[in-house]
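What follows is a short report on a single structure.
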Amino acid sequence: MAWTKYQAILAFTLVITGSINTLSTKWADTLQSESSDGQIRPFEHPFVQACAMFLGEFLCLLTFKAIYYHLRRKNNGAEDRHDLVKGNREFSPFILFVPAMCDMIATSIMYVGLNLTYASSFQMLRGSVIVFVGILSVAFLNRNLVNREWIGIFFIIIGLGVVGLSDFVSDDGAGTNYTRNNIITGDLLIILAQIITAFQMVYEERYVAGLDIPALQAVGWEGFFGFSILGLLLAPMYYISVGPPFNNNPRGVLEDLPDALTQIANNYQLIMAIVGTIVSIAFFNFAGISVTKEISATTRMVLDSVRTLVIWVISLTLSWQKFHYLQIFGFAGLLFGMCLYNNILILQTYDRLHNMIVRRGDNGDEQNEVIINRRADEPDC
């Protein structure tokens with residue numbers, strides 16, 4: 001079935017805003033600005049960037065409230081019919097506190113990792129969440145994975161290994177942070193974050209999914225909790241000393257909020273990058289929820305793969321990394337495994353080819369039978 005114009009716009013918005021979110025965050029990592037000590041330093045403030053992302057998610061809650069009260073003013077029950085606001089609105093927001101904390105920890109770790117590795121690797125390695133979700137769902141949700149899902153997980157692991165290998169052998173010295181040790185550390189941190197994200201997804205499936213909470217509201221509350229708690233944690237981070245490669249700020253601490261604000265104020269491009277992170281994550285969540293409702297969750301997964309490809313191509317175009325052929329095989333393995341795990345395209349294509357071969361074989365047998373019958377009807381000479 002062909003997409004409507006509205007569905008096509010949603011799909012395009014999902015891919016573009018999702019790509020902008022990762023690229024704007026990585027763009028900030030590549031910029032330099034005058035620090036609080038007067039020196040020009042790279043902008044390395046992953047926890048401040050994570051706060052910006054949660055602020056963007058919190059905007060989803062404000063959007064939800066605006067839509068809800070706008071519809072409620074009509075006094076015709078429209079707020080109970082609109083896809084973005086209908087559902088259970090009588091729940092304790094603190095049911096979302098645990099997944100919000102998982103999201104906060106995972107996002108912070110991922111942004112630290114993104115600062116050390118390539119944007120394309122960051123996006124590809126996030127696909128490892130399927131592996132951990134599958135394993136944790138067996139352990140905590142008593143779910144039995146079918147053979148197709150296990151084989152999909154196997155191909156994802158192979159793809160992840162190839163992506164990691166491509167990062168290991170492509171130490172091209174592009175940028176101050178791209179040493180082999182930093183790249184490996186960044187990749188491992190991103191994979192570690194996916195374990196926490198997988199726990200978040202399993203928790204939400206077990207304790208939140210059955211509550212019928214409007215998705216825009218759920219994302220917004222998680223953004224509120226994440227922004228509030230991480231914002232408070234920036235204070236003790238200001239006094240925690242860390243070693244390289246995590247201390248490239250004047251005080252050599254885990255996070256230096258005053259220095260981050262100073263660098264942002266001294267470079268308009270950083271302002272654009274941070275605003276890009278905030279706005280893009282808000283629209284990305286809106287578009288993602290809408291795509292799931294209007295089309296399907298599997299379509300959202302496919303579009304997310306397209307986003308990975310866009311990020312990779314743009315990273316190469318901007319010379320944020322050099323091309324390495326292994327990433328093609330890694331991405332192919334990840335994409336094949338994801339499609340197989342989610343039962344998209346692979347088995348359907350196999351069934352169609354198998355049926356075509358069977359039909360051709362049947363047609364050939366019919367033709368042979370006709371020839372044999374014709375020869376049987378011919379008179380003997």
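The first residue of the sequence shown is numbered 1, and numbering continues consecutively from there.
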| said: Is any side-chain heavy atom of Ile135 closer than 4.5 Å to one of Val131? | reply: yes

| Have Glu205 and Ser137 got a donor and an acceptor in their side chains that come within less than 3.5 Å? | no

| message | Ring centroids only, cut at 6.0 angstrom: are Phe227 and Phe58 within range, meaning strictly under it? | response | no

| message | Check this for me: Asn355, atom CG, are more than 12 non-hydrogen atoms of other residues, nucleotides or ligands nearer than 6.0 Å? | response | yes

| remark: Correct closest heavy-atom pair for Ser121 and Gln327 would be OG-NE2, 3.3 Å

| Is there side-chain contact between Tyr203 and Cys102, with heavy atoms separated by less than 4.5 Å? | no

| said: For a quick check under 3.5 Å, do Thr117 and Asp187 share a side-chain donor-acceptor pair by atom type? | reply: yes

| request: Group every Ile, Leu, Val, Met, Phe, Trp and Tyr by side-chain heavy-atom contacts under 4.5 Å, then state whether Phe283 and Tyr6 land in the same group. | output: yes

| said: Less than 3.5 Å apart, any donor N or O on the side chain of Asp259 or His45 sitting next to an acceptor on the other? | reply: yes

| Validation row, ring centre Phe132 to ring centre Phe199 under 6.0 Å | no

| Parallel, tilted or perpendicular: which describes the rings of Phe331 and Trp312, with under 30° parallel and over 60° perpendicular? | tilted

| Under a 4.5 Å side-chain heavy-atom rule over Ile, Leu, Val, Met, Phe, Trp and Tyr, are Phe12 and Phe284 clustered together? | no

| Leu96 side chain near Phe91 side chain, heavy-atom distance below 4.5 Å | yes

| task | Check whether any side-chain heavy atom of Tyr341 lies under 4.5 Å from a side-chain heavy atom of Phe155, and answer yes or no. | result | no

| field | Parallel, tilted or perpendicular: rings of Phe329 and Tyr325 (30°, 60°) | value | perpendicular

| task | Using a cut-off of 6.0 Å, state whether more than 12 heavy atoms not belonging to Arg352 lie near its atom CZ. | result | no

| Worked check of side chain to side chain contact (heavy atoms under 4.5 Å, CB included) between Phe225 and Met104 | CA-CA 9 Å; Phe225 287 128; Met104 181 192 75; over 6 Å; no

| Is it true that a side-chain atom of Asn285 and a backbone atom of Ile281 form a donor plus acceptor pair closer than 3.5 Å? | yes

| query | Do the non-hydrogen side-chain atoms of Phe64 and Arg89 ever get within less than 4.5 Å of each other? | reply | yes

| task | Pick out which of Met272, Gln263, Gln269 makes a side chain to side chain contact (heavy atoms under 4.5 Å, CB included) with Leu31. | result | Gln269

| Would the number of heavy atoms belonging to other residues, nucleotides or ligands and lying under 6.0 Å from CZ of Arg148 be above 12? | yes

| Do the side chain of Asn249 and the main chain of Val253 share a donor and acceptor less than 3.5 angstrom apart? | yes

| said: For the CZ atom on Phe47, are there more than 12 heavy atoms of other groups (residues, nucleotides or ligands in this structure) within a distance under 6.0 Å? | reply: yes

| request: Would you indicate whether the side-chain heavy atoms of Leu318 and Leu23 approach each other to under 4.5 Å? | output: no

| Do Met53 and Leu257 belong to the same hydrophobic cluster, where Ile, Leu, Val, Met, Phe, Trp and Tyr are linked whenever their side-chain heavy atoms lie under 4.5 Å apart, directly or via other members? | yes

| Does the side chain of Ser128 come under 3.5 Å of the side chain of Gln194 through a donor N or O and an acceptor N or O? | no

| Within 6.0 angstrom of Asn144 CG, more than 12 heavy atoms from elsewhere | no

